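Here is the structure we will look at, set down as structure tokens.
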Amino acid sequence: MAGSDRRIRYTKQVLKDSLFELMQETPVEQITVKELCARADINRATFYAHYDTLVALLEEIEVEKSRELFETLNKPRGGDTAKVIDGVLKYLKEHPVMRDIFLNTRVTGKGLALLLQGIEDDTTERLTRGGRVSPEQAHWIYLFLVNGFRELLRQWFADGMKDEFLLKQTLTSIIDSGLRGFGYDPEPPRQEK
């Protein structure tokens, strides 16, 4: 049974890697299962044994990568916004396909929704702690910040990633100053022992 699990993981990884390669060359909407299987050197029956559609494969990739990025962002950073921004930029520069998935809307968006929900939950909890901000207002603040952050990143990548220092400085100032005005606590709550 362990050998079977290993074969399944291997097959799925080959499909994911092949899809990443194809996405570098072709818009995802134009990729076919036949083309993916040829690239992965597997037959279509094997593909359909694991996924119903290419969208199902892409959703699985998005969810996995979103969790990976969320874990990276959730590493203890002492409430340091600049370190979080550095982590996001590093990740997106190192993973161009994921940058496309997170910053563009031409894919399913399930992974991004999962990632953003985790960020919203954390931000809402910190903003509403102490009762200075209602959950509704926390949601508006979150939407403003995440969409502005995403749009600045999209524009920065479109402009060839020029002046990274200025981008980081701008994002850090906007986020820190804006959240502080609402009594945002950058530290997660301490766990009771």
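For clarity, every value in this text was computed on a predicted model and none was experimentally measured.
Two residues are said to be in side-chain contact when any heavy atoms from C-beta on lie closer than 4.5 Å; T124 and H139 fail this criterion. Between K34 and C37 there is no side-chain heavy-atom pair separated by less than 4.5 Å. Side-chain contact between R132 and L127 is absent, with no heavy atoms from C-beta onward closer than 4.5 Å. Contact check for E64 versus K16: side-chain heavy atoms found under the 4.5 Å cut-off. Contact annotation: the side chain of T46 never approaches that of L15 to less than 4.5 Å [non-hydrogen atoms, C-beta and beyond].
Rounded to the nearest 0.5 Å, atoms CH2 (W140) and CZ (F182) are 10.5 Å apart. The OH atom of Y51 sits 9.5 Å away from atom CG of L19, with the distance rounded to the nearest 0.5 Å. Atoms CD1 and CD, on I141 and E136 in that order, are 11.5 Å from each other to the nearest 0.5 Å. One finds the OG1 atom of T11 at 11.0 Å from the CZ atom of R9 (value rounded to the nearest 0.5 Å). Going from atom CG of L92 over to atom NZ of K90 covers 12.0 Å, rounded to the nearest 0.5 Å. Atom CG of L36 and atom CD1 of I31 lie 7.5 Å apart (nearest 0.5 Å).
Between A138 and T128 the shortest heavy-atom distance is CB-CG2, 4.1 Å. Counting all heavy atoms, side chain and backbone alike, T172 lies closest to A82 at OG1-CA, 3.7 Å.
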_Between E25 and R39, does the salt bridge (Lys or Arg N to Asp or Glu O under 4.0 Å) criterion hold? Intermediate values first, please._
CA-CA 12 Å; E25 305 161 10; R39 176 69 59 104; 2.9 Å; yes
_Evaluate L58 against T53 for side-chain contact (heavy atoms from CB on, under 4.5 Å), listing each step before the verdict._
CA-CA 9 Å; L58 188 58; T53 63; over 6 Å; no
*Just do the side chain to side chain donor-acceptor pair (under 3.5 Å) check on E151 and N147 with the steps written out, would you?*
CA-CA 6 Å; E151 193 54 41; N147 286 308; over 6 Å; no
*Check the pair Y48 / V33 against side-chain contact (heavy atoms from CB on, under 4.5 Å), numbers first and verdict last.*
CA-CA 9 Å; Y48 287 114; V33 171; 3.5 Å; yes
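Put simply, the residue from L89, L145, V88, L152 that forms a side chain to side chain contact (heavy atoms under 4.5 Å, CB included) with L171 is L152.
Using a 4.5 Å cut-off between side-chain heavy atoms of Ile, Leu, Val, Met, Phe, Trp and Tyr, with links allowed through other members, F157 and I85 fall into the same hydrophobic cluster. Linking Ile, Leu, Val, Met, Phe, Trp and Tyr residues whenever their side-chain heavy atoms come within less than 4.5 Å places M161 and L153 in a single cluster. Cluster annotation: L22 is not connected to V14 through the hydrophobic network of ILVMFWY side chains, with a link wherever side-chain heavy atoms come within less than 4.5 Å.
For K12, the salt bridge (charged side-chain N to carboxylate O under 4.0 Å, His left out) partners at least two apart in sequence or on another chain are E60.
Between the side chains of D159 and Q155, at least one donor-acceptor pair of N or O atoms lies under 3.5 Å.
Between the side chain of W156 and the backbone N or O of L167, no donor-acceptor pair lies under 3.5 Å. A side-chain donor-acceptor contact under 3.5 Å links T170 to the backbone of L166.
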